[in-house]
Amino acid sequence: MTEKISRRDFLRLGAAGAATGVLAGCTSPRRWVVLEPFVRPPEQQVSGVATWFATTCRQCPAGCGVIVRLMNGRAVKLEGNPEHPLNRGKLCARGQAGLQMLYHPDRLSGPLLQSTRGSREFSAIDWNEGINRLFQALAKAGPAVAMLGGATMSDHLFDLFSKLLAAVDAPPPVIYDLYTELGGYRTLAQAMGQVYGRAALPAYRLAEADVVFSFGAEFLGTWTSAVRYGVEYGAFRSQPYGKRGLLVHFEPRQSSTAVTADDYVAIAPGSEGLVAGALLRLIADGNLGLAGRAESARGLAPSLDVEQAARECGIPLEALQRLARRFADAEHAVAIPGGALAGSSNGMHAARAIEALNVVSGNAPAGVNTTPPDLGLARKSLNTFADVQSLIARMRAGEVQMLLIHSTNPAYELPEAAGFLEALAQVPLVVSFGAMVDETAVWSDLILPDRSYLESFGYEVVSPDFGSPVVSSQQPVVTPVFDARTTGDVLLTVARGIPAAAAAMPWDDEVDYLNQMVAGLPEAAYPASTAEEKRARFQQHGGWWPAPAVAAPTLRPQPFTVTAERATFDGNETDYPYFLHVYPSVLLSDGRGASLPLLQGVPDPMTTIAWQSWVELHPATAERLEIRDGDLLRVTSPHGEIVAAAYVTPGIRPDTVAIPAGQGHQDLGRFARDRGSNVVQLLGAALTDEGGGLRWNGVRVALARTGKRIATASLESKVGVTEGLGYE
Amino acid sequence: MFSSLWWRVGRFVRTSPARLFLLAGVVVAGALALSGSAAPAGTTQPIAFNHQVMVQAGVQCLFCHNDALRSPSPGMPSVELCMGCHKTIGAGRPAIKQLADYYARGEPIPWARVNYVPRFVYFSHKVHLTAGGLNCENCHGDVGHMKVVEPVARMSMGWCLDCHSKQTNAPQLRDCVICHR
Amino acid sequence: MAEQASLESPVWNRPLPDDPELAAQVREIREKHLLQDARPPREVAEKVLGPMARLGRVFWLALIVLGGLTATWLATWAYQAYQGMGVTGLNRTIMWAPYIVNFVYFIGIGHAGTFISAALRVLKFEWRAPISRAAESLTVFALLVAFTMPLIHMGRVWKFYWMLPFPNQRQLWPNPRSPIFWDMTAIFTYLTCSMLFMYLGILPDIAIAREKASGWRKRLYTVLALGWRGTDREWKHLDTTLNIFSYGIIPVMFSVHTVVSWDFAMTLQPGWNSSIFGPYFVVGALYSGVGAVIIIMAILRKALHLEYFLREEHFNAMGKFLLILSFTWVYFYFNDYLLPWYHKEPILTVIFRLFTSGWAAPLWFTMLIANILIPWATLWSRKVRSSIPALVGVALLVQVGMYIERYLIVAVTLGYPELPFDWAVYVPRLPEILITLGVFAFVVLGITVLSRLVPIIPIWEVVEGQLLQGTRRIGRAIFPAKTEAD
Amino acid sequence: MSELETRLLDRGQSAAAAPKTELPSHKWTMLIDLDKCTGCNACVVACHVENNVPIRSEREVIRGHGQHWIRIERYWEGEGDAQRATFLPMLCQQCSNAPCEPVCPVYASVHSERENLNLQVYNRCVGTRFCGNNCPYRARQFNWFAPQFEGPITEMLNPDVTVRSGGVMEKCTFCVQRIRRVEEDALVEGRPLRDGEMVPACAQTCPTSAIVFGDRSDPQSQVAQRLGGQREFQVLEHLGTAPNVYYLKAGGSDGGAG
């Protein structure tokens, strides 16, 4: 109860503190301000002096460490945790915007009940009833319970969910969301497994690299651990003795990574693997590069006709040869397989081919060929789209009595063809743990809002870790703003009623659970003698990590073969003349960022457009179809159609159109609702050849003018930046 | 007294109508000159708190306003801090009963602000007390002899500038950023 | 002999020469020149004061319409102040436009009045006598409006007094380096001078009106006349004062619009930071100003039946005036554009291309036609100059042209700063349009009302002029001439 | 400042006979390595959060009222399909010879000789927008409307920074509130500032460390060390505004300093 009260004091005091003042800055001053001091002040609270707490960022699965600046008990700023070995004090745009996850006006306060799904008519119930309903349903459903989770879910929560499901003999949780799919997490991990023997996300060290070939890897914007790659890139650009690495980027569209690259090659969509194969071939046949490279290349290079490959990829052969030589000659050459390739039918082949380049250059990514120490901590394992499909099948077959959904938004993120919503209709009870009403919550019966990540405990075993294992700790930094409850505690409460679960989950609350988990951690970089101190330091430093080890990853590749597979695309060339290039927005990522005004209102780096979604076209395309900026286009694929505004840009291939993911929400709060369109609706539910990934990068589309037009909310002057001063 | 004043003014004007403009000018200028500063009027506090008693009882300012040395804001004592002493001391008195009630209800005491500066002014108690070497009473007056605390100075910009120009060890308030951010 | 006669008999019943041919000449001279066509002072006064008192239906209609528009202006201003400047079409690149355009335009209009009455007075052009007051009233109201413009334009107008130097506890003063401060000073001075200049000139006429009027007008005029009795001493003082003002006000006037031009010329904005802006703006101001005076003259002539006072000769003279100013203005204008066109300073080239072939081309060419083509094509012909409708038409075109010119300078040029990323286009929205309409209405309203309150034709100047005018005979021809005043 | 202004400002302080203690002065300087800028927008969001810069709605952005103290300007280089985008982070250049200062009629835009900063005093601003027009970088942002922070979002406002009302000009301040905090701490502890002690929000968060900030007058500071490389340039140098933001050209090494 102190919590609740002291929270209100926080606000009041904050509102009254001489330094604050909403809109009071320059308007005539309010003469009488009420000062409400704390009833019981929290420890080391000094009014007007900032206190900092370390926790984990949950805006994407990377698990960066952040520190939160608190003034009078209100979180006012997020910064990267300078101690944290992953992001080293840095943070990306999405991380910076995290505070609005905490203070979002549309967050739910207390559990909600929806009588008829999709009606959006919720009735508030109190927590006891909510938890009770969950318990009843769980007891009734028995093993016919399923759980669908997202990659940003805390690992401890995953563990609790798994334990609960295991206790009722239900299949383990399915962890899947669009973000990891667009990042190709699962596919790449599998490829690494085939190449190096350990299926984990690769982490490429760029700091000392001479040459970096990035195959559609948007590693400076959204791919896996973008912040860490930013740090790496910074070092890469200013190496000792004025050395400055060479970055070559292969992608059909100019992403911000392509912009920063020294050499950008606009390759045909889905031809990343082909490029890599051709490079291998050239190195092998041309006997290029340092000693031994050609030999190992010969062992791996696929059999292909280089001229033809070059033609298919859209690179002049000379350029390809030049690049092959550069790569082969470089002492420290790195090839990065991006998320984009994982979405195309030949994803695994491409990943292997690209990884083969690393094998040739003798630079294995960190974290895939060294088995990390067992930390005794549970950690999420991502599932493939195939697993989701089987879940959907079970739902459709009525084998699922109750579906739990946490930190993922399938109703928005899954293509219509996956048939999730139809299957959902077969599930008697759907429970959503979303903090806000998102598209999925609209189709659920019971909402038990979880706290935002700045209000709750947890930990994240960082993946990809760059060499040495890292566990980021998560702790509440403010007293909860809304009457939400941590799902961990909810589950533990429910578990008490189920004997098997009670046995498997003996903790009285999640803090207790975490403490016991943390107690088992090996020695950390910081000193900690007693178990208590260990826990305290774990929270204080923002996680656990061993003293920096200098053991460079040793290369132990498994035998594997590289094949030159062509990517296949839905839709024939005549009806659907353009390739569709889908990419996660730098700001909105896969759409979870769309709820935050900070991310909506900040202009996208490439188009400077805010608040809207768009279709990127090549000027030639625009000329052919007589399209101007802002024309609303009907984009049709074999699987669906959306309407989006055109944005003409030279930064894309003439045969390709690009649409960012992230907009087109029907729900997810006032800032996301009804803006732009959701590109996922254009995708099919087909799988990739190998690895069971969603083939989201294998669709062709047609464009048609609707005749309508909207004003583009862009910051740039199109005339200015395109025609400029008009020197010819 | 006022009537005589009016009479004087009247005569002043009557003797030469032109003076009316002069007078009007003076009035307007004066009004504008004062307009920049907020003059706090008196108000009643939720609890009839008596600083005089506390000070005479030997309680130092910093005992309650204990952030003044380490923070821009002096800090208002928490209800808990008050109760620390008043659980026993003067527990019978009505004012203390009020306090106890607040504490029991776990409610903050809605004190009314006495010394006011606008919200776009950033004043640091820490700096003035340590580096500046000032004492509380330099600005807040002899609170020790106030039953009800009232501001002794209108804390306007002119007041700051004036003091800084007189004190030899005070820096010139030349760049606005020292107070306005 | 004629002189002798003139000295004995009062000018208004000088006999015509007996010789019919000479008589015809004299008659012609009299009908052509107001000052030759003398009438008894009482009659002259009646010609002015009579219509002034008769408020017809047209007047009330005009009053309602103009008053309505003025009210809209104030209401819109209030709305804008409450909502924020965002209700206008301004954007992060073009932070100045509609109100500053009006500001420059009205300051310009304000020039002509004082110029005509002061400069021509100094130069002893007698024919200006009937025009001067209409011109001055135009000046006063235009300046009043111009003065509100920067206030309407301010983000926090309720803090406007911070721009004035007054002692305050903050020990803060306005920034003497800011052109806005110079503006305030210059305009204040000019406004004060113009008002005093005008008021002094009105004094004797008000005294006359006082004698003639009755009821509230009588009371009003008694106050306004400040007890003018018309003694020699008073006349002497008036004369000297008016002369001092006339000489003093001319440099002030030049300074005002130069300072206004410095608002632009002193910035780093390409297309603004030009050293020629001072004289260029002054001439532009006179150009539009004289045009405006012509329009006002025509309106007053019609509304108050002043055919006797405002004759062909006046419009003819003003027409010539307009033509000369047009030439001068063109000279400066092309000075300003020839250079960028030649030295190809990048941004200026962009702007120039925009004017000649870009989206601003229609505006630019309209301006050229209205400001150069039409005046040059027509004003050389006496027929046009002396036909009032034609001349008014040209003058109106000049107003349009000059307004567009200011618009191009302020609202369009500003859209092209150094960094192409920030280029922008300004599109007016309803508030600006309403306010602009409102202020135009207000100026007309002001003059309309004033013309009914005070004699809009300076009776005493006309009479004085007529007293001093005579004819001289040389051989068989008679010419208008000044009689030696003794 | 001109002699006249100095006298105007001195009025009333003339009472001070004894020599005044002057606060230590600095030359705050920012270095932006375009070779490292990836246009990730982290700085932009960080700035919004740190400085209570309001986010403007879609309608406002369309009307050109988008409000960012730092923005990533994206230009195109090259011709046809060889066109490549380039990023230019644009913020107030804190000119030593600032065009915005002389034109302000009320000293709301005023230079701090001591901090070598270009101050914007919100509570003094009357909104003539002359400074905004005269800024060749268009770095000044005008509050066309009073900002709106919905619901609990008000709670994340930074209490160290005034929330500007409508009709007021604002701009990047080099996070002057942070500067003042560290200065006050240093003053209380009676020590000079340490290099790296003061970091603005954008530089703090920049993942690639493309933004470096420091006191040029301290020869040991990282900024001072890195100034004067071959890649160094200033935007619109030719205008003579003497910015305190230096850029390093993208591409090519500058002998280790880059």
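To find a chain, count down the sequence lines: A is the first, B the second, and so on, and within it residues start at 1.
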Is it the case that more than 12 heavy atoms not belonging to [X] sit under 6.0 Å from its [atom1] atom?
X	atom1	result
Q56(B)	CD	yes
K147(B)	NZ	no
R496(A)	CZ	yes

(message) Rounded at 0.5 Å granularity, tell me how far CD in Q45(A) sits from CG in D67(B).
(response) 7.5 Å
(message) So which atom in V49(A) and which in S71(B) form the shortest heavy-atom distance, rounded to 0.1 Å?
(response) CG2-CB, 3.4 Å
(message) To check you understand the geometry: which heavy-atom pair defines the closest contact between S47(A) and G75(B), and what is its length?
(response)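 In this case the closest contact between S47(A) and G75(B) is OG-CA, 3.4 Å.
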(message) Please evaluate residues F38(A) and V79(B) with respect to the criterion side-chain contact (heavy atoms from CB on, under 4.5 Å), reporting the C-alpha separation (whole Å), side-chain torsions for both, the decisive distance (0.1 Å), and the verdict.
(response) CA-CA 7 Å; F38(A) 295 101; V79(B) 186; over 6 Å; no
(message) What I'd like to find out is whether the side chain of P41(A) reaches to under 4.5 Å of the side chain of E80(B), using heavy atoms alone.
(response)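 The answer is yes, as the side chains (C-beta and beyond) meet within the 4.5 Å cut-off.
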(request) Please look at P77(B) and chain A and tell me whether the side chain, the backbone, both or neither of the residue comes under 4.5 angstrom of a heavy atom of that chain. (result) backbone
